[in-house]
S.K.: 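Questions regarding the structure given below will be posed in turn.
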Amino acid sequence: MTGYASVQQQSPAEGPAGAGAGRRIGLELRSVNSRFLDLSLRLAEELRSQEPALRALLTAGLKRGKVELRAFIEGGEGALLSEPPAPLLERLASVQEAVRAHLPAAAPLSVADALRLCAGLAAPAQDHGAQLLQLARQALDELLAARAREGERLVDTLDDRVRQLHELARQAAPLVPQLVAQQRQRFMERWREALQLGEGAVVPEAAQERALTEATAFAIRIDVAEELTRLTAHLDEIERLLARGGEVGKRLDFLIQELHREANTLGSKSATMELTRISVDMKVLIEQMREQVQNLE
């Protein structure tokens with residue numbers, strides 16, 4: 001299912017110089033439909049060490065979907081423009097002189113270089129693990145809530161398709177006995193024509209038995225009662241799973257395949273345009289359900 005969540009939090013200042021002040025850590029989660037769980041993580045360099053923990057968290061909370069996680073750290077203007085301590089500048093100048101003594105052609109440090117290097121020396125790398133995981137749990141909860149809302153809408157859609165399929169099955173059920181009776185009547189009429197019997201004449205007993213045999217064979221050939229029974233049973237199971245909730249996506253995938261099989265058999269046995277129309281309408285509804293079921297966990 002699709003979903004989106006975004007959370008941010010100010011990074012606490014650490015160290016005597018207030019390292020980390022003005023920095024903000026943020027995390028975004030995006031999810032689109034997929035039959036399987038596909039994780040993609042885009043992390044700032046300082047956060048790469050947390051990738052295994054983030055993957056474990058997402059794998060435990062999600063079962064399906066193409067999920068992208070992006071985590072970043074932004075620095076405030078105060079943190080970027082803070083004045084480096086004098087001892088650090090003196091140390092940097094000493095290092096530069098030592099380097100240029102061996103490499104006279106080396107370019108001198110710019111102000112930007114000095115600020116960046118001093119920031120690295122003055123502010124040792126922070127451990128953002130606990131804060132990042134807290135944000136990830138918060139974002140995951142928001143994403144799951146968004147997906148749950150979408151899931152409720154999908155369940156309503158699937159329930160509507162199931163109701164329509166039940167109605168089509170009810171329409172198909174009485175068609176077979178009618179077709180058998182019509183076939184028997186047509187056979188009797190052909191016998192009358194062949195024997196040149198009048199409208200009120202009685203058909204010989206042998207012809208009546210042959211007509212009954214032909215009608216029975218025809219009934220066996222076009223009988224779809226078994227297919228309709230299985231189709232109805234599958235629909236009842238789908239209704240039960242949707243009402244129960246939980247991780248039902250893969251079970252529904254299997255049941256949709258079974259519905260397709262029954263609808264195809266129904267169409268192959270069709271001996272009338274009405275039954276063919278019902279089969280086609282069923283296939284359209286089942287295909288719509290298949291597309292929606294892939295969005296459910």
S.K.: How close do Leu27 and Phe72 get, counting heavy atoms only, and between which atoms?
M.R.: N-CE2, 4.1 Å
S.K.: Any link between Leu41 and Tyr4 through a network of hydrophobic side chains (Ile, Leu, Val, Met, Phe, Trp, Tyr) touching at under 4.5 Å?
M.R.: no
S.K.: Any chance you could lay out the side-chain contact (heavy atoms from CB on, under 4.5 Å) test for Leu168 and Leu285, step after step, and finish with the verdict?
M.R.: CA-CA 10 Å; Leu168 289 173; Leu285 291 171; 3.8 Å; yes
S.K.: Would you say CZ of Arg277 has more than 12 non-hydrogen atoms from neighbouring residues, nucleotides or ligands within 6.0 angstrom?
M.R.: yes
S.K.: Would you check, one step at a time, whether the test side-chain contact (heavy atoms from CB on, under 4.5 Å) holds for Asp38 with Val67?
M.R.: CA-CA 6 Å; Asp38 181 9; Val67 181; over 6 Å; no
S.K.: Which residue pairs satisfy the side chain to side chain donor-acceptor pair (under 3.5 Å) criterion with at least one member in residues 92-112, sequence neighbours excluded?
M.R.: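 Qualifying pairs: Ser110-Asp113.
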S.K.: Should Glu167 and Arg163 count as an ion pair when the cut-off is N to O under 4.0 Å?
M.R.: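 Looking at Glu167 and Arg163, the cut-off is not met.
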S.K.: Shortest non-hydrogen contact from Leu143 to Gly3?
M.R.: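 Reported closest heavy-atom pair: CD1-C, 3.2 Å.
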S.K.: Under 3.5 Å, is there a donor on one side chain and an acceptor on the other for Asp160 and Gln164?
M.R.: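 Yes, Gln164 and Asp160 have a side-chain donor paired with an acceptor closer than 3.5 Å.
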S.K.: Evaluate the criterion side-chain contact (heavy atoms from CB on, under 4.5 Å) for residue pair Gln8 and Ile25; output intermediate values, then yes/no.
M.R.: CA-CA 6 Å; Gln8 295 186 16; Ile25 181 171; over 6 Å; no
S.K.: Determine the sole option in Leu241, Val155, Leu255 for which the side-chain contact (heavy atoms from CB on, under 4.5 Å) test with Val248 is passed.
M.R.: Leu241
S.K.: How many angstroms lie between atom CG of Leu109 and atom CG of Leu92, to the nearest 0.5 angstrom?
M.R.: 5.5 Å
S.K.: Looking at Ile256 and Ile238, what are the two nearest heavy atoms and their distance?
M.R.: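 Distance-wise, the nearest heavy atoms are CD1-CD1, 4.2 Å.
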S.K.: Do Gln288 and Arg161 meet the criterion of a side-chain donor-acceptor pair at a distance under 3.5 Å?
M.R.: yes
S.K.: In plain terms, say whether Glu28 and Arg70 are close enough for a salt bridge, that is, a side-chain N and a carboxylate O under 4.0 Å apart.
M.R.: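 Looking at Arg70 together with Glu28, the answer is yes, because their closest N to O distance falls below 4.0 Å.
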S.K.: Mark yes or no for whether Ser279, through its side chain, and Ala263, through its backbone, hold a donor-acceptor pair below 3.5 Å.
M.R.: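 Yes.
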S.K.: So, do Leu39 and Leu54 sit near enough that their side-chain heavy atoms are less than 4.5 Å apart?
M.R.: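 Side-chain contact under 4.5 Å: no.
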S.K.: Can you measure from NE2 (His166) to CG (Leu231) and round to the nearest 0.5 angstrom?
M.R.: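 That separation rounds to 8.5 Å.
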S.K.: For Lys66, look at atom NZ and say whether over 12 heavy atoms of other residues, nucleotides or ligands are found less than 6.0 Å away.
M.R.: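 Counting neighbours around NZ of Lys66, 12 or fewer heavy atoms of other residues, nucleotides or ligands fall under 6.0 Å, so no.
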S.K.: State whether Arg230 and Asp236 are salt-bridged, where the test is any N-O pair (Lys NZ or Arg NE/NH1/NH2 against Asp/Glu carboxylate O) under 4.0 Å.
M.R.: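 Result for this pair is no, no salt bridge flagged.
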S.K.: Taking atom CG of Leu132 and atom CD of Gln50, what is their separation to the nearest 0.5 Å?
M.R.: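 Result: 6.0 Å between the selected atoms.
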S.K.: Under the salt bridge (charged side-chain N to carboxylate O under 4.0 Å, His left out) criterion, do Lys283 and Glu287 qualify, and how do the steps go?
M.R.: CA-CA 6 Å; Lys283 292 178 184 179; Glu287 180 62 23; over 6 Å; no
S.K.: side-chain contact (heavy atoms from CB on, under 4.5 Å) for Gln9 and Gln134? Distances and angles first, verdict last.
M.R.: CA-CA 10 Å; Gln9 189 177 78; Gln134 177 187 353; 4.0 Å; yes
S.K.: Do side-chain atoms of Glu262 reach the backbone of Thr232 as a donor and acceptor pair under 3.5 angstrom?
M.R.: no
S.K.: With a 4.0 Å cut-off on N to O distance, would you call Glu150 and Arg147 a salt bridge?
M.R.: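 Not counted as a salt bridge, because no side-chain N and carboxylate O are separated by less than 4.0 Å.
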S.K.: Check the pair Asp253 / Arg64 against salt bridge (charged side-chain N to carboxylate O under 4.0 Å, His left out), numbers first and verdict last.
M.R.: CA-CA 13 Å; Asp253 275 338; Arg64 277 180 148 186; 2.5 Å; yes
S.K.: Using side-chain heavy atoms (C-beta onward) and a distance below 4.5 Å, is Leu43 in contact with Leu69?
M.R.: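 A side-chain contact under 4.5 Å exists here.
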S.K.: Looking at side-chain heavy atoms only, is the closest gap between Leu242 and Leu252 below 4.5 Å?
M.R.: yes
S.K.: With heavy-atom distances below 4.5 Å as the criterion, would you say the side chains of Met282 and Leu266 are in contact?
M.R.: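 Met282 vs Leu266: side chains touch.
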S.K.: Which heavy atom of Lys63 sits nearest to which heavy atom of Ala60, and what is that distance?
M.R.: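 Heavy atoms only, the tightest pair is NZ-O, 4.4 Å.
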S.K.: If you look at every heavy atom in Leu133 and Ala53, which pair is closest and at what distance?
M.R.: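 Closest approach of Leu133 to Ala53, heavy atoms only: CD2-CB, 3.8 Å.
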S.K.: Quick check on side-chain contact (heavy atoms from CB on, under 4.5 Å): which of Gln257, His234, His260 does Ile286 satisfy it with?
M.R.: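 Exactly one option meets the side-chain contact (heavy atoms from CB on, under 4.5 Å) with Ile286, and it is His260.
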S.K.: Against Arg48, only a single residue in Glu51, Glu45, Glu46 fulfils side-chain hydrogen bond (donor to acceptor under 3.5 Å, both in side chains); can you say which?
M.R.: Glu45
S.K.: What's the separation between atom CD1 in Ile278 and atom CD in Gln171, rounded to the nearest 0.5 Å?
M.R.: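 The CD1 atom of Ile278 sits 5.0 Å away from the CD atom of Gln171.
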S.K.: Can you tell me how far CD of Gln292 sits from CG of Asp156, rounded to the nearest 0.5 angstrom?
M.R.: 11.5 Å
S.K.: Under the criterion side-chain contact (heavy atoms from CB on, under 4.5 Å), which of Val7, Leu58, Leu135 is the partner of Leu29?
M.R.: Leu58
S.K.: Between Leu144 and Leu62, is any pair of side-chain heavy atoms under 4.5 Å apart?
M.R.: yes
S.K.: Decide, yes or no, whether a salt bridge links Arg240 with Glu237 under the criterion of side-chain N to carboxylate O below 4.0 Å.
M.R.: yes
